[in-house]
Amino acid sequence: MNVQSIRGTHDILPGSVELWQTIEQNARELFRLYGYAEIRTPVLEETELFARSIGVETDIVQKEMYTLEDSKGKSITLRPEGTAPVVRSYIEHNLYANSQVTKLFYLGPMFRHERPQKGRYRQFHQIGAEVLGSDNPAVEAEVLHMLDRFLRGLGLSDFRLLVNSVGCQVCRPGYVALLREALRGRASELCAECQRRTETNPLRVLDCKTPECQPIINQLPSILDHLCQECRVHFDRFLEYLALQGIASETTPRLVRGLDYYLRTTFEIISDRLGPTQNALLGGGRYDGLSELIGGPPTKGFGFALGMERFVLLLSGRSELQAPYKAPAPELFLGYMGEPELQAALALAAGLRASGIFAYIDFEARSIKAQMRQANRMESKFTCVIGENELTTGAFHIKRMADGRQETVSKEEIVPYILKARETYGSAG
Ligand code: AMP
């Protein structure tokens with residue numbers, strides 16, 4: 001049997017990777033304007049990091065982590081998300097010592113053992129950003145402004161921003177108790193999973209997609225009616241700042257997120273084009289207290305993670321972002337007769353590339369004729385065949401493939417000749 005890629009993982013091939021690169025480049029350029037610096041953390045972390053931060057009772061920690069033991073018996077996990085590793089790194093390297101507010105962004109693969117389907121994979125990629133050291137709701141609105149510009153900058157406009165507050169340690173426990181009470185009263189009507197969650201993590205019931213649970217969920221008390229004064233003010237100010245920046249949002253009391261560390265502001269950007277269940281393009285929120293959970297100093301935090309695969313799904317088919325793949329055409333294809341000529345070609349190619357020119361040598365074709373066939377196939381702009389003659393006289397014949405016109409130049413003239421000719425056909429490729 002052939003060895004194939006693992007279920008739920010994907011190759012990103014030439015022809016698709018260009019769209020990924022465009023998205024990543026736009027993120028880098030835009031996020032810089034808001035003061036974010038890139039951070040790269042390891043793919044492997046101690047399991048404890050995720051168990052303590054995401055929450056033992058969450059789906060991710062309960063059943064979705066790729067966890068293994070290293071040779072010393074230590075439990076390590078392929079990261080299922082990026083926030084906890086960023087906060088771990090922030091603590092480990094005392095990044096908080098530098099300035100009051102630290103803004104970091106990351107891109108990279110995440111791993112969750114979920115049932116693969118459209119928009120849901122086992123290895124997927126996220127772009128995320130974190131603001132550490134501020135509990136100002138203006139910072140939250142600024143992040144959403146950045147996201148709004150990011151999505152619109154890539155031509156996406158059919159998305160909706162859902163916002164909510166999930167309270168804090170002061171007001172949430174009371175609400176959770178109320179929720180549990182309400183759910184216990186209707187336990188027999190709930191799906192098995194929600195019956196379990198009623199006891200372990202009743203907030204998660206709000207997130208259930210099972211049809212039979214919907215009528216019950218719709219009648220549950222709203223967290224927004226049970227926020228403490230501070231959470232209420234925080235949320236109202238957040239909404240004001242959003243409105244001030246002209247960002248439309250929909251307050252959605254049912255919006256709770258799959259990770260326990262969130263408190264106060266949470267949000268999701270969804271698109272109906274992603275389908276009914278995997279409709280979230282990105283999500284995030286506030287996580288003051290996450291740092292303490294993993295042994296760090298008290299730190300305020302707010303951030304988001306966007307799923308690249310879902311973004312690519314939404315953007316693919318947009319021809320201005322993604323041309324059909326075509327191997328780039330060499331600017332100068334160097335042919336050679338025998339070994340000394342090949343060596344000369346290698347030296348020439350090095351010089352051409354040092355000047356930013358796409359030079360190509362075909363090492364496989366044996367005859368000059370076969371090499372020229374390859375040059376044709378690759379739609380090379382120019383060719384130059386190096387034979388004994390060229391090496392003794394130092395005169396090189398450069399042929400323009402479009403019309404067969406040939407000019408003779410010295411070795412030193414080859415680079416300026418191609419650079420000049422480039423003006424007629426544009427840049428490399
Ligand atoms: P989360 O870290 O769960 O808040 O997810 C943030 C975003 O990552 C989601 O809105 C999705 O776009 C994306 N995402 C999460 N899980 C997956 C997955 N298994 N496959 C693909 N994308 C995912």
Side-chain angles (χ1 to χ4, degrees), residues 5-12 16 20 23-24 27 41 43 45 49-50 53-55 57-66 77-87 105-130 143-144 147 150-151 154 156 159-164 166 201 203-204 206-209 252 254-263 265-287 290 301-316:
S5 61
I6 293 173
R7 196 164 121 84
T9 71
H10 291 278
D11 300 311
I12 307 164
S16 303
W20 286 68
I23 296 171
E24 289 162 3
T41 62
V43 163
E45 295 274 0
L49 172 65
F50 303 112
S53 58
I54 299 172
E57 275 305 328
T58 57
D59 284 353
I60 296 182
V61 172
Q62 286 268 313
K63 46 189 186 199
E64 294 171 4
M65 295 207 300
Y66 282 92
T77 291
L78 282 170
R79 63 177 181 199
E81 60 100 42
T83 302
V86 168
V87 175
F105 81 92
Y106 59 85
L107 359 130
M110 307 292 159
F111 304 84
R112 294 183 196 171
H113 195 269
E114 300 194 76
R115 199 168 55 76
Q117 52 186 277
K118 187 178 164 217
R120 197 204 265 173
Y121 312 102
R122 291 182 170 169
Q123 174 173 337
F124 58 99
H125 298 75
Q126 289 184 334
I127 296 187
E130 316 291 349
V143 167
L144 287 160
L147 281 169
F150 181 48
L151 302 186
L154 281 158
L156 200 71
F159 59 84
R160 288 152 58 202
L161 167 62
L162 311 183
V163 297
N164 190 25
V166 292
N201 195 353
L203 274 182
R204 305 288 312 137
L206 298 175
D207 213 17
C208 178
K209 303 276 191 314
T252 311
R254 271 183 65 167
L255 177 71
V256 291
R257 313 223 338 104
L259 303 88
D260 271 359
Y261 53 60
Y262 286 114
L263 86 172
T265 314
T266 56
F267 66 93
E268 266 180 13
I269 289 185
I270 62 168
S271 168
D272 296 334
R273 275 198 290 134
L274 285 171
T277 50
Q278 313 300 324
N279 64 354
L281 169 61
L282 63 89
R286 175 159 290 286
Y287 50 83
L290 169 58
F302 183 80
F304 72 86
L306 168 145
M308 279 290 278
E309 281 77 1
R310 292 189 194 173
F311 202 17
V312 165
L313 266 176
L314 287 176
L315 295 180
S316 49

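When a ligand or atom number is given, it counts from 1 through the structure's own listing order.
- The residue Glu309 has no part lying near ligand 1, judged by heavy-atom distances below 4.0 Å.
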* Please walk me through it: do His125 and Leu107 pass side chain to side chain contact (heavy atoms under 4.5 Å, CB included)? -> CA-CA 7 Å; His125 298 75; Leu107 359 130; over 6 Å; no
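- A distance-only check finds a donor-acceptor pair linking the side chain of Arg79 to the backbone of Thr41 [under 3.5 Å].
- The nearest heavy-atom contact from the protein to atom 8 (O) of ligand 1 is Gln126 NE2, 3.0 Å.
- Only the backbone of Leu281 comes within contact range of ligand 1, with a heavy atom under 4.0 Å; no side-chain atom does.
- Nearest protein neighbour of atom 18 (C) of ligand 1, counting heavy atoms only, is Phe124 CD2, 3.4 Å.
- Distance from atom 21 (C) of ligand 1 to its nearest protein heavy atom, with residue and atom name: Gly119 O, 3.3 Å.
- Summary of contacts: the protein heavy atom closest to atom 11 (C) of ligand 1 is Arg310 NH1, 3.4 Å.
- Looking from atom 19 (N) of ligand 1 to the surrounding protein, the closest heavy atom is Glu114 OE2, 2.6 Å.
- Of all the heavy atoms of Tyr121, the ones lying under 4.0 Å from any atom of ligand 1 are found in both the backbone and the side chain.
- When side chains are defined from C-beta on, Thr83 counts as touching Tyr106, because their heavy atoms get closer than 4.5 Å.
- The closest side-chain heavy-atom distance from Arg310 to Phe124 is not below 4.5 Å.
- A side-chain donor-acceptor contact under 3.5 Å links Arg112 to the backbone of Pro80.
- The residue among Ala305, Gly285, Gly8, Gly303 with a heavy atom at the shortest distance from atom 7 (C) of ligand 1 is Ala305.
- Considering only heavy atoms from C-beta on, Leu282 comes within 4.5 Å of Phe267 through its side chain.
- In this structure, the side chains of Val256 and Arg204 come closer than 4.5 Å at one or more pairs of heavy atoms.
- Taking 4.5 Å as the limit, some side-chain heavy atom of Leu314 sits within range of a side-chain heavy atom of Arg273.
- With a 4.0 Å cut-off on non-hydrogen atoms, Gln278 does not touch ligand 1 at all.
- Below 3.5 Å of separation, one finds an N or O of Gly307 facing an N or O of ligand 1.
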